[in-house]
Amino acid sequence: MTGNPALDLVDAVAAQLADPDTAPPVPREHRQHLAYGPPGIALLHIERAANGLGPWQRAHDWLAAASRRPLTSGPDSHPFYGTPAFAHALACAADHLPGSYQRALNAMDRQIEADVIRRLDAAHQRIDAGRLPQLAEFDTIRGLAGYGAYLLRRNPGSPTMRAVLDYCVRLTEPITHYGETLPGWWTETGPSGGPDKRFPAGHANTGMAHGIGGVLALLALAARKGTVTDGHHGALRTILAWLDRWQKETGRGPIWLYWVTRSELRTGRPAPSALRRPSWCYGTVGLARAQQLAALALGETGRQIEAENALVAALTDPDQLRATTDNGLCHGFAGLAHVAVRTAGDAHHSTVGRLRAVIPALLAAVTPPGTDPELMATALVRGEGPGLLDGAAGTALALLAPSTAAPPQSAWDACLLIA
């Protein structure tokens, strides 16, 4: 025991997920999945090993478990499934183990690049034909924003990376559909990516996981790394202007809609709705980080401070926190703490203290006084599953940086487009 409740929980989860042969079995359909399967669990052990908190052998074992059978590539793969998902985890390990895994990574990089080029060709053909996109064309989990996150780490100056950014710029251009002008990322489906009677004329998704928030973050991160294409800053400003248009005031601070429906677009006003949880995947926390990154890329200090203040407001608003009902990375308290750490790491001197001040309460929400870390780890692994996005591994990973007061030592969260 370390005496740090959150870090003790991290250690307990890691111990229960130490060996893929004795950990709770992962369903076959999740074997290649970053969100639910061995690649995501490997990230926990990679980050702990990079911090000197655990052995590299555990990471090797989970990477081996993920690759026991051939990995899916081509149209049936995406950033969180198959070759790209495994490549992300493998690259995180290789960053700390010079010379390791390079042959495998180089082969996967070639496959991923071919898949990205195929997807880009289809996306441009779709735009040329005046059709609306599917969320899976551009989003972080399944689409080109997620592929861009990987390419930005592995080969930020490559022609393929630039081509992804060119596509992102083009996605922000308006599209005329049956005589009505819509944002270029408008989709005819519901947020699940399928038909939804609640969205009879489609929607514009703002989220980091499945919406334009991920594209904003990718463009911002690329610009901050010096990888910029024609129209890059204009595309950033187009998305920011959209978010400005669909910002709501709560009396405590601004929030952003999860999505905009056709009726809302036509009236120009958000429909009345209950406060939603301020998570990474949807809502104010992820979007505040994306807007902070965009403001930093554009040199707009005022917007940066506004985004940071919005995050503080969301994480201290009792009503929004009551809407948060779990501990996970994607939309739980651990994820909120991790995004707060990442945002504080880039924050303006006028807001950084308040950002850091919200973190202890978020950690306490995960591990209240008197928590038995072993029992809680068992409950997480059995109840939420062992995985990254919603499960025990992701909860533990998201607690590491807030618990140690140090930034992540691996690039595990690059797949979330928050760093």
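Residue indices begin at 1 and follow the sequence shown.
Side chain of T140 to backbone of M208: a donor-acceptor contact under 3.5 angstrom is found. Looking at R58, its side chain never comes within 3.5 Å of a backbone N or O of H45 through a donor-acceptor pair. Looking only at distances, no side-chain donor or acceptor of D413 sits under 3.5 Å from a matching main-chain atom of L416. A distance-only check finds a donor-acceptor pair linking the side chain of H232 to the backbone of L219 [under 3.5 Å]. In this structure a side-chain-to-backbone donor-acceptor pair under 3.5 Å is missing from W62 to L44. Here the side chain of Q409 pairs a donor or acceptor atom with the backbone of P407 at under 3.5 angstrom. Between the N327 side chain and the F333 main chain, no donor and acceptor come within less than 3.5 Å of each other. With hydrogens and angles ignored, the 3.5 Å screen pairs no side-chain donor or acceptor of T367 with any backbone N or O of P5. Put simply, the side chain of S158 gets close to the backbone of N155: a donor and an acceptor are under 3.5 Å apart. Using modelled atom types, no side-chain atom of R342 and backbone atom of I418 make a donor-acceptor pair closer than 3.5 Å.
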| task | Go through the steps to decide whether E137 and Y167 satisfy the test side chain to side chain donor-acceptor pair (under 3.5 Å), and finish with yes or no. | result | CA-CA 11 Å; E137 177 185 292; Y167 159 79; 2.5 Å; yes
| side-chain contact (heavy atoms from CB on, under 4.5 Å) between T351 and V312, worked out | CA-CA 9 Å; T351 58; V312 172; 5.7 Å; no
| request: Determine, step by step, whether R224 and D346 satisfy the salt bridge (charged side-chain N to carboxylate O under 4.0 Å, His left out) criterion, reporting the C-alpha distance in whole Å, the side-chain angles of both residues, the deciding distance to 0.1 Å, and the verdict. | output: CA-CA 12 Å; R224 295 193 73 202; D346 293 313; 3.7 Å; yes
| message | Is there a side chain to side chain donor-acceptor pair (under 3.5 Å) between E47 and N51? Walk through the geometry before answering. | response | CA-CA 6 Å; E47 178 63 21; N51 275 279; 2.7 Å; yes
| query | Where do N205 and Y282 land on the side chain to side chain donor-acceptor pair (under 3.5 Å) test, with the steps shown first? | reply | CA-CA 9 Å; N205 197 297; Y282 278 106; 2.9 Å; yes
| task | Start with the C-alpha distance between C92 and L43, add both sets of side-chain angles, then the distance that settles side-chain contact (heavy atoms from CB on, under 4.5 Å), and finish with yes or no. | result | CA-CA 8 Å; C92 287; L43 291 178; 4.0 Å; yes
| task | Determine, stepwise, if the pair Y258 / L287 fulfils side-chain contact (heavy atoms from CB on, under 4.5 Å). | result | CA-CA 10 Å; Y258 280 19; L287 286 174; over 6 Å; no
| query | Can you check side-chain contact (heavy atoms from CB on, under 4.5 Å) on L171 and I212, steps first, answer last? | reply | CA-CA 9 Å; L171 185 71; I212 200 62; 4.1 Å; yes
| said: Could you walk me through whether T378 and Q16 satisfy the side chain to side chain donor-acceptor pair (under 3.5 Å) test, starting with their C-alpha distance in whole Å, then the side-chain angles of each, then the deciding distance to 0.1 Å, before giving a yes or no? | reply: CA-CA 8 Å; T378 299; Q16 295 204 17; 2.7 Å; yes
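Under the 4.5 Å side-chain criterion, counting only non-hydrogen atoms from C-beta, R69 is in contact with R31. Counting heavy atoms from C-beta on, the side chains of T206 and W246 never come closer than 4.5 Å. Side-chain contact between R153 and D95: present, with at least one pair of heavy atoms (C-beta onward) separated by less than 4.5 Å. Within the 4.5 Å cutoff, side-chain heavy atoms of L265 are placed close to those of R245. Using a 4.5 Å cut-off on side-chain heavy atoms (C-beta onward), L380 and L9 make contact. With a 4.5 Å cut-off on side-chain heavy atoms, W186 and P133 do not count as touching.
In this structure, CD in E188 is found 4.5 Å from CG in L132, a value given to the nearest 0.5 Å. Once rounded to the nearest 0.5 Å, the distance linking CH2 of W280 with NE2 of H338 reads 11.0 Å. Between the CD atom of E384 and the CG atom of L389 there is a distance of 12.5 Å, given to the nearest 0.5 Å. With values rounded to the nearest 0.5 angstrom, I46 atom CD1 is found 9.0 Å from L397 atom CG. Put simply, CG on L135 and OG1 on T187 are 4.5 Å apart, with the number rounded to the nearest 0.5 Å. In this structure, CZ on F80 lies 3.5 Å from CD1 on I141, to the nearest 0.5 angstrom.
At a cut-off of 3.5 Å, with distance as the only test, no side-chain donor of R131 or H177 sits close to an acceptor on the other residue. E308 and T343 share no side-chain donor-acceptor pair at under 3.5 Å. Side-chain contact of D115 with Y147: a donor-acceptor pair under 3.5 Å is absent, judged by distance alone. Under 3.5 Å, the side chains of R170 and H124 contain a donor-acceptor pair of N or O atoms. Donor-acceptor pairing under 3.5 Å is recorded for the side chains of Q32 and T72.
Salt-bridge annotation for D139 and R142: present, with a side-chain N of the basic residue lying under 4.0 Å from a carboxylate O of the acidic one. Remark: R322 does not engage D317 in a salt bridge, criterion side-chain N to carboxylate O under 4.0 Å. Between R266 and E180 there is a salt bridge, since a side-chain N of the basic residue sits under 4.0 Å from a carboxylate O of the acidic one.
A side-chain hydrogen bond (donor to acceptor under 3.5 Å, both in side chains) with N309 is found for exactly one of R354, H348, Q304, namely R354.
Scanning all heavy atoms of the two residues, the minimum distance from P402 to L363 falls at CB-CD2, 3.7 Å. Between L388 and L34, the shortest heavy-atom contact is CB-O, 3.3 Å. Between E29 and Y81, the closest heavy-atom pair is O-CE1, 3.8 Å. Summarising the geometry of L63 relative to A93, their closest heavy-atom pair is CD1-CB, 4.1 Å, with the distance given to 0.1 Å. Heavy-atom minimum distance, A344 versus V352: O-CG2, 3.5 Å. Of all heavy-atom pairs spanning A163 and L120, the tightest one is CB-CD1, 3.7 Å.
By the neighbour-count criterion of 12 heavy atoms within 6.0 Å, atom CZ of R118 is densely surrounded, having more than that number from other residues, nucleotides or ligands. Around CZ of R126, the count of heavy atoms belonging to other residues, nucleotides or ligands within 6.0 Å exceeds 12. Heavy atoms from other residues, nucleotides or ligands lying under 6.0 Å from CG of D230 number 12 at most.
Judged as a ring-ring contact (aromatic ring centres under 6.0 Å, His included), not a single pair has a partner in residues 294-324 (not counting sequence neighbours).
Relative ring orientation between W56 and H60 is described as tilted, the plane-to-plane angle lying within the 30° to 60° band. Ring geometry, H203 versus W259: the interplanar angle exceeds 60°, so the pair is classed perpendicular (tilted spans 30 to 60°).
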Give the table of side-chain donor-acceptor pairs shorter than 3.5 Å for residues 233-243, with sequence neighbours excluded, one pair per line with atom names and distance.
residue, atom, partner, partner atom, Å
R237, NE, E300, OE2, 3.4
T238, OG1, G234, O, 3.0

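Taking the six-membered ring wherever Trp is involved, the centroid distance between the rings of H210 and W185 does not fall below 6.0 Å.
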